[in-house]
Amino acid sequence: MGSSMMKTTLREIRQSLGRYLAIMAIVALGVGLFCGLKVTRDVMVKSAQQYFEERQLYDISLLSTVGFDTDVAKQLSRREKVLDAQGAVSTDALLLDAQGKESALKVYSLLDQQNLPVLVSGRMPQNAQECVVDAQAFGKDAVGTMLTLSENNEEDTEELFAHKQFHVVGTVNSPYYANYERGTTSLGNGTIRGFMLVLKDAFDCDYDTEIFVRLNTEGAAIYSEEYDAQIDEVESWLEDFAQQKADERYQRLKADGEEELYASRQQLLSQTQKNQLELEASRQQLSRAEGTIADGKAQLEIGKSQLISGKAQLQAQRQQILQGLNQARTAKSQTAGNAYLAQANAQAQAQEQQLQASLTQVEDGLRQVESGLDQLEIAQSELELQEQQLQNSQTELEAAQREYDAGLLQYKEGSRQLSEGVDEANQQLDEAQDELDELEEPDVYLLGRDTNIGYASYENDSMIVAGIAKVLPFFFFLVAALVCMTTMNRMVEEQRTQIGVLKALGYSEARIMGKYLFYAGSAAWIGSVIGFLIGSTIFPTVIWNAYKIMYHMGDYELMFDFMINHLSRRSPEFLDFLEKHDQSEYADMFLRFKKFWPN
């Protein structure tokens, strides 16, 4: 009889195939929607965890107001539960692109064990003047261009870099920035355009601004209580460790600063005294030069007076000699004339002899006058030589005066520069002393992944999907239940005569009820399987592709939520859940009322 009832039921399915498929479809839709939404968060979380583990995203970031010494990361990497610790340098900076557009970028030093970027185009940097940039902010066209530090950066920011220009050799995505948001800054318009990664040698910095730490979380899933517990376990001693290292650096920096400040003051004092002594020596040298110049001027004036007097005497002697020469020549002419007359008169021979003697004396006097003229020429030459020497002395004296004036000006300028330099140096030392006095004890910050905007936003979005999975499918289940009840109720009403015939043939009510339960149950079971398989595939794919607009996490990995294992009463998961209830590691696999109605 059971075989006949089964044949009747199968015949009923064939005859009302549309009704059967309608029940199966509405159940598949409800189950597919529920399973798809339910598994989507697990797909999102598992895919994100796989991406973060592959890219080795940090678990905790350590920061302090005074930075960390470069050996602190190595010390930390040897601590328990620490897989890796790496120091990094980062800063916000204004940079100019190839078009001269200024924008604020977050600049990080590349790490080789954490926060590994995904290369989109180009290659990774190979020297300190190369960089890779945010693929979202720049695109492939940026490869080959130059980024230049803007002059609008603060002095501390400029001094942090070893180079002013960087050659863009590639574009990347970074797990540190999982979504499209890049944060804010106090520079420029207040918005960070993107990030730039450089080798650590690109920074002229002898300390780490932060330390990234990866922990052994024992395989705990991200966003889970187990993961949070693993992080909380190390935060207490990790904060104490970071505070201790920051305090040690603070004390050393303060002591070194005070020592350097004292040494600078002593050096300034010594240099000031040395400069003052040099200025005093220059002043004395100038004073001696001034005396020498004054003596030279006096001697020059005396020489000039003597030269003028000598010229006057020489001129008077010249006039006197020339006058005597004229007289001698006149006398000679007269004597010669008288001698000629005497020779004509034979009677005056005595007078001739007398005139001849006079002529001889006049000729002797004439020769003496000519000799005096030669001596005057010699004296004239000596006077001209003396005058040339006086002119040379005048030139030397003028040169000495110019040198003295230049030295005096240099002395005054040196004295002024020394005074200003000392004042400026004292001011800088006072400012350094004020900064040293204002240096506060360091604050240490432990930032987990939950402070990373991409990581936190992704958790929030995945929780939204999980929240929808708790509410929306419930209404579809209600609709499916109402449709199934309505459909089966109409079927039963239509087949009252057939039910009476079956009773007349001796079939029990349970057997007749089983026929309709099999009809509805088989449709629901097949619809559930189809809905589970399709829903667990389509919904995660659609939602993941939608979120890819905002997130860069590579490919997703499909997974199935085996909560339907409770249909198999002998499955190990279900048996473990029956034994341990909420303490079972498979408790989340099974659908219970308290998931929809916690109270």
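- With hydrogens and angles disregarded, no donor-acceptor distance shorter than 3.5 Å links the side chain of Asn179 to the backbone of Met550.
- The structure places OG1 of Thr184 at 10.5 Å from CG of Asn189, a figure rounded to the nearest 0.5 Å.
- Heavy atoms from other residues, nucleotides or ligands lying under 6.0 Å from CD of Glu235 number more than 12.
- Remark: the Asn115 side chain and the Gln86 side chain contain no N/O donor-acceptor pair separated by less than 3.5 Å.
- Residues Val120 and Ala135 approach most closely at CG2-CB, 3.8 Å, considering heavy atoms.
- Under the 4.5 Å side-chain criterion, counting only non-hydrogen atoms from C-beta, Ile222 is in contact with Phe52.
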Next on the checklist: Test side-chain contact (heavy atoms from CB on, under 4.5 Å) on Thr209 and Thr91; report intermediate values, then the result.
Outcome noted: CA-CA 8 Å; Thr209 58; Thr91 185; over 6 Å; no
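- The shortest heavy-atom contact between Ala93 and Leu149 is CB-CD2, 4.3 Å.
- The pair Asp208-Lys200 counts as a salt bridge, with a side-chain nitrogen and a carboxylate oxygen less than 4.0 angstrom apart.
- Using a distance-only test at 3.5 Å, with no hydrogens or angles considered, a donor-acceptor pair links the side chain of Thr65 to the main chain of Asp443.
- Judged by distance alone, the side chain of Asp59 and the main-chain N or O of Leu215 form a donor-acceptor pair under 3.5 Å.
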Next on the checklist: For a side-chain contact (heavy atoms from CB on, under 4.5 Å) check, start with the C-alpha distance between Leu446 and Leu62, then their side-chain angles and the critical distance, and finish with the verdict.
Outcome noted: CA-CA 5 Å; Leu446 269 70; Leu62 302 179; 3.4 Å; yes
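- Gln230 and Glu226 share no donor-acceptor pair across their side chains, judged by distance under 3.5 Å alone.
- Taken to the nearest 0.5 Å, the CG atom of Asn452 stands 11.0 Å off from the CD atom of Glu181.
- At distances below 3.5 Å, not a single donor-acceptor pair connects side-chain atoms of Arg449 with backbone N or O atoms of Tyr455.
- Here the side chain of Gln136 pairs a donor or acceptor atom with the backbone of Tyr180 at under 3.5 angstrom.
- Between the side chain of Tyr551 and the main chain of Ser457, a donor-acceptor pair closer than 3.5 Å is present.
- Expressed to the nearest 0.5 Å, how far CG of Leu95 lies from NZ of Lys164 amounts to 11.0 Å.
- Residues Thr145 and Asp97 form no side-chain contact, since every pair of their non-hydrogen atoms from C-beta on lies 4.5 Å or further apart.
- Under the 3.5 Å distance criterion, the side-chain polar atoms of Gln243 are matched with a main-chain donor or acceptor of Pro442.
- A ring-centre distance under 6.0 Å is not found for Tyr176 and Phe195.
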Checklist entry - Given the rule in the side-chain contact (heavy atoms from CB on, under 4.5 Å) test, do Arg214 and Gln113 qualify, once you have shown the distances and angles that lead to the verdict? => result CA-CA 9 Å; Arg214 289 182 61 238; Gln113 297 294 330; 6.0 Å; no
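- We find the CD-OG distance between Gln49 and Ser224 to be 7.5 Å, quoted to the nearest 0.5 Å.
- The closest side-chain heavy-atom distance from Ile464 to Asn460 is below 4.5 Å.
- Side-chain atoms of Asp240 and Gln244 include no donor-acceptor pair closer than 3.5 Å.
- Across Arg193, Met196, Arg182, a single residue satisfies side chain to side chain contact (heavy atoms under 4.5 Å, CB included) together with Asp134, and that is Arg182.
- Listed here is the closest heavy atom pair of Ala524 and Val27: O-CG1, 3.3 Å.
- Annotation for Gly67 and Tyr207: closest pair CA-CD1, 4.2 Å, computed over non-hydrogen atoms.
- Side-chain N/O atoms of Tyr20 and Ser522 include a donor and acceptor closer than 3.5 Å.
- Looking only at side-chain heavy atoms (C-beta outward), Val72 and Phe241 come within less than 4.5 Å of each other.
- Atom CZ of Phe166 is separated from atom CD of Glu130 by 11.0 Å, given to the nearest 0.5 angstrom.
- Contact detail for Gly139 and Thr171: the closest heavy-atom pair is O-CG2, 3.3 Å.
- The shortest side-chain heavy-atom distance between Glu80 and Trp237 does not fall under the 4.5 Å cut-off.
- Between Tyr223 and Met463 the shortest side-chain heavy-atom distance does not fall below 4.5 Å.
- For Thr217 (side chain) and Tyr227 (main-chain N/O), no donor-acceptor pair under 3.5 Å exists by modelled atom type.
- Judged purely by atom type and a 3.5 angstrom limit, Tyr458 uses its side chain to pair as donor or acceptor with the backbone of Met44.
- With values rounded to the nearest 0.5 angstrom, Lys106 atom NZ is found 5.5 Å from Ile192 atom CD1.
- Closest approach of Ala73 to Gly87, counting heavy atoms only: CB-N, 3.6 Å.
- A side-chain donor-acceptor contact under 3.5 Å links Arg55 to the backbone of Pro117.
- Side chains of Tyr108 and Glu210 form a contact here, defined as non-hydrogen atoms less than 4.5 Å apart.
- Residues Val43 and Thr541 are not in side-chain contact: their nearest non-hydrogen atoms beyond the backbone lie 4.5 Å or more apart.
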Item to check | Stepwise side-chain contact (heavy atoms from CB on, under 4.5 Å) test for Tyr58 and Leu111 | outcome: CA-CA 11 Å; Tyr58 72 99; Leu111 304 179; over 6 Å; no
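- Taking the six-membered ring for Trp, Phe203 and Phe161 have ring centres closer than 6.0 Å.
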